[in-house]
Amino acid sequence: MTAVAEELLDLLDIEQLEVDLFRGIGSGGETTTRIFGGHVIAQALMAAYRTVEDRLCHSLHAYFIRPGDPSIPVIYQVDRARDGGSFTTRRVVAIQHGKQIFNLSASFHVAEEGWDYQHPMPDAPPPHDWPDRPALRAANVEKIPEKYREEFLRERPIEIREIEPRDLFKPEPADDRNRLWFRMEAANGQGPQMQHCLLAYASDMNLLGSSLRPHGLTWFQGKVMTASLDHAMWFHAPIEFSDWHLYDLDAPWTGGGRGFNRGLVYNHNGQLVASVTQEGLMRPRKKRG
């Protein structure tokens with residue numbers, strides 16, 4: 001297991017302070033300037049899981065309220081909204097500096113039998129046909145100011161291989177639909193709750209980027225200010241995130257300084273295991289002065 005993978009597993013192993021009160025590490029993960037959205041989603045889901053027995057999450061809905069400060073821990077307060085015969089509901093509030101930065105509602109369901117149906121997985125070239133994220137970044141490192149290069153090249157715990165990756169600095173307008181393969185080999189052997197939390201963490205990757213594609217934008221041009229506003233996720237089938245999963249993404253609408261994004265996650269056998277939606281801020285960045 002790599003050090004960064006172990007760091008992510010430790011980050012999601014939140015500390016219990018009191019009944020229904022937990023503390024999570026704020027630093028680490030994908031970013032250093034503010035807490036990555038998937039980081040706080042995954043920790044909040046784990047906090048909810050620590051209060052639920054014998055049933056798995058089937059859906060979550062979350063709002064990002066304030067930027068997270070990576071220099072201090074995050075406190076998660078769980079409200080046991082309902083414990084029913086088939087469904088359990090939890091509400092989680094994440095707090096820093098005495099203020100809410102994020103809240104999440106999650107629903108958990110007992111295992112039941114029912115009818116099965118899904119749309120087929122789209123055809124996609126296999127992950128080994130595409131360069132991984134470190135290789136793409138290494139090829140562009142000279143375009144990054146020297147003071148940011150170490151962060152740009154820093155190893156991350158989730159392996160990503162974009163299908164037909166775009167130029168990071170001079171992208172052409174492109175179709176909003178895009179696909180990538182992702183996995184975390186260190187997820188092997190983890191329980192179903194941790195598998196859910198790891199996929200929730202990874203689900204925030206490249207999702208908002210779908211809205212940027214039709215406009216010929218990426219985060220590296222300095223033209224757009226982005227932030228996740230809300231995030232919803234549905235879990236459909238068991239997850240083994242150590243295997244490759246296809247993330248099929250699109251963004252059917254942008255407007256009013258926002259973009260709406262969707263994602264479907266399929267395992268390597270073609271089974272639909274999760275669905276994701278998110279609206280994000282995508283405001284034109286104005287020059288100072």
task = Decide yes or no on side chain to side chain donor-acceptor pair (under 3.5 Å) for Gln278 and Asp204, but give the supporting numbers first.
result = CA-CA 9 Å; Gln278 184 184 96; Asp204 196 28; 2.8 Å; yes
query = Would His196 and Tyr49 satisfy side chain to side chain donor-acceptor pair (under 3.5 Å), going step by step from the backbone distance to the final call?
reply = CA-CA 10 Å; His196 277 188; Tyr49 260 128; 2.7 Å; yes
request  = Check the pair Ser203 / His231 against side chain to side chain donor-acceptor pair (under 3.5 Å), numbers first and verdict last.
outcome  = CA-CA 9 Å; Ser203 70; His231 194 99; 3.0 Å; yes
message = Assess the residue pair Ser105 and Arg91 against the criterion (side chain to side chain donor-acceptor pair (under 3.5 Å)); give the C-alpha distance rounded to whole Å, side-chain angles, the decisive distance to 0.1 Å, and a yes or no.
response = CA-CA 4 Å; Ser105 294; Arg91 182 172 181 268; 5.0 Å; no
Chi angles and distances behind the salt bridge (Lys or Arg N to Asp or Glu O under 4.0 Å) call for Glu30, Arg133 = CA-CA 13 Å; Glu30 289 297 301; Arg133 180 169 50 174; 3.3 Å; yes
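For the pair Glu159 and Arg161, the salt-bridge criterion is met [side-chain N within less than 4.0 Å of a carboxylate O]. Remark: Arg262 does not engage Asp248 in a salt bridge, criterion side-chain N to carboxylate O under 4.0 Å. Salt bridge Asp132/Arg156: absent, no basic N to carboxylate O contact under 4.0 Å. In this structure, Arg179 does not pair ionically with Glu162, as no charged nitrogen and carboxylate oxygen lie closer than 4.0 Å. With respect to Arg183 and Glu185, a salt bridge is recorded, a charged nitrogen being found less than 4.0 Å from a carboxylate O.
Under a cut-off of 6.0 angstrom, the local environment of CG in Asn269 is crowded, with over 12 non-hydrogen atoms contributed by other residues, nucleotides or ligands. Within 6.0 Å of CZ on Arg283 lie no more than 12 heavy atoms contributed by other residues, nucleotides or ligands.
When every heavy atom of Ile158 is checked against every heavy atom of Met205, the shortest pair comes out as CG1-CE, 3.5 Å. When all heavy atoms of Ala94 and Val74 are compared, the pair lying nearest together is CB-CG1, 3.8 Å. Across Ser71 and Asp69, no two heavy atoms sit closer than the pair OG-OD1, 2.7 Å. Heavy-atom minimum distance, Ile160 versus Phe182: CG1-CB, 4.1 Å. The two atoms that bring Val92 and Ala47 nearest to each other are CG1-CB, 4.4 Å, heavy atoms only. Scanning both residues, Ala187 and Leu198, for their nearest heavy atoms gives CB-CD1, 3.6 Å.
Between Pro214 and Pro173, every side-chain heavy-atom pair lies at or beyond the 4.5 Å cut-off. By the 4.5 Å heavy-atom criterion applied to side chains, Asn178 and Ser210 are counted as neighbours. Contact annotation: the side chain of His245 never approaches that of His268 to less than 4.5 Å [non-hydrogen atoms, C-beta and beyond]. Ile65 is listed as a side-chain neighbour of Asn103, based on a closest heavy-atom distance under 4.5 Å. At least one side-chain heavy atom of Leu264 sits under 4.5 Å from a side-chain heavy atom of Leu272. Side-chain contact between Ile101 and Pro67 is absent, with no heavy-atom pair separated by less than 4.5 Å.
If you take CD on Gln190 and SG on Cys197, they are separated by 10.5 Å, rounding to the nearest 0.5 Å. Within the model, atoms CD1 of Ile144 and CG of Leu153 stand 8.5 Å from one another, a figure rounded to the nearest 0.5 Å. Here the CZ atom belonging to Arg55 is positioned 7.0 Å from the OG atom belonging to Ser86, to the nearest 0.5 angstrom. The OG atom of Ser27 sits 7.5 Å away from atom CG of Leu11, with the distance rounded to the nearest 0.5 Å. The NZ atom of Lys99 sits 12.5 Å away from atom CD1 of Ile95, with the distance rounded to the nearest 0.5 Å. One finds the CZ atom of Arg177 at 8.5 Å from the CG atom of Asp175 (value rounded to the nearest 0.5 Å).
Using modelled atom types, no side-chain atom of Asn206 and backbone atom of Gly209 make a donor-acceptor pair closer than 3.5 Å. A donor-acceptor pair under 3.5 Å links the side-chain atoms of Asp167 to the main chain of Phe169, judged by distance alone. Side chain of Asp250 to backbone of Pro252: no donor-acceptor contact under 3.5 angstrom is found. Of the possible donor and acceptor atoms, one in the side chain of Gln221 sits under 3.5 Å from a partner among the backbone N and O of Thr218. Side chain of His61 to backbone of Ser59: no donor-acceptor contact under 3.5 angstrom is found. Listed for the Asp230 side chain is no donor-acceptor partner under 3.5 Å among the backbone atoms of Ala62.
Residues Val224 and Leu249 do not share a hydrophobic cluster, defined by chaining ILVMFWY side chains whose heavy atoms lie under 4.5 Å apart. In the hydrophobic clustering of ILVMFWY residues, with side-chain heavy atoms under 4.5 Å counting as a link, Val52 and Tyr76 come out together. Transitive grouping of hydrophobic side chains (ILVMFWY, heavy atoms separated by less than 4.5 Å) brings Met1 and Leu8 into a common cluster. Leu9 and Leu45 fall within a single hydrophobic cluster, where Ile, Leu, Val, Met, Phe, Trp and Tyr are joined by side-chain heavy atoms under 4.5 Å apart, directly or via other members. Hydrophobic clustering of Ile, Leu, Val, Met, Phe, Trp and Tyr side chains at less than 4.5 Å, counting indirect connections, unites Leu12 with Ile14.
Put simply, the residue from Phe108, Phe235, Phe87, Trp234 that forms a ring-ring contact (aromatic ring centres under 6.0 Å, His included) with His58 is Phe87. For the salt bridge (Lys or Arg N to Asp or Glu O under 4.0 Å) with Arg90, the qualifying choice from Asp83, Asp79, Asp20 is Asp83, the only one to do so.
Aromatic ring centroids of Phe220 and Phe152 lie under 6.0 Å apart.
Taking the six-membered ring where tryptophan is involved, the planes of Tyr201 and His39 are tilted, since the angle between them lies from 30° to 60°. Taking the six-membered ring for Trp and thresholds of 30 and 60 degrees, Phe64 and Phe102 have ring planes inclined between 30 and 60 degrees apart. Between Tyr117 and His119, the ring planes lie perpendicular to each other; the angle is over 60°, past the 30° to 60° tilted range.
Side-chain contact, Asn261 with Ser211: a donor N or O sits under 3.5 Å from an acceptor N or O.
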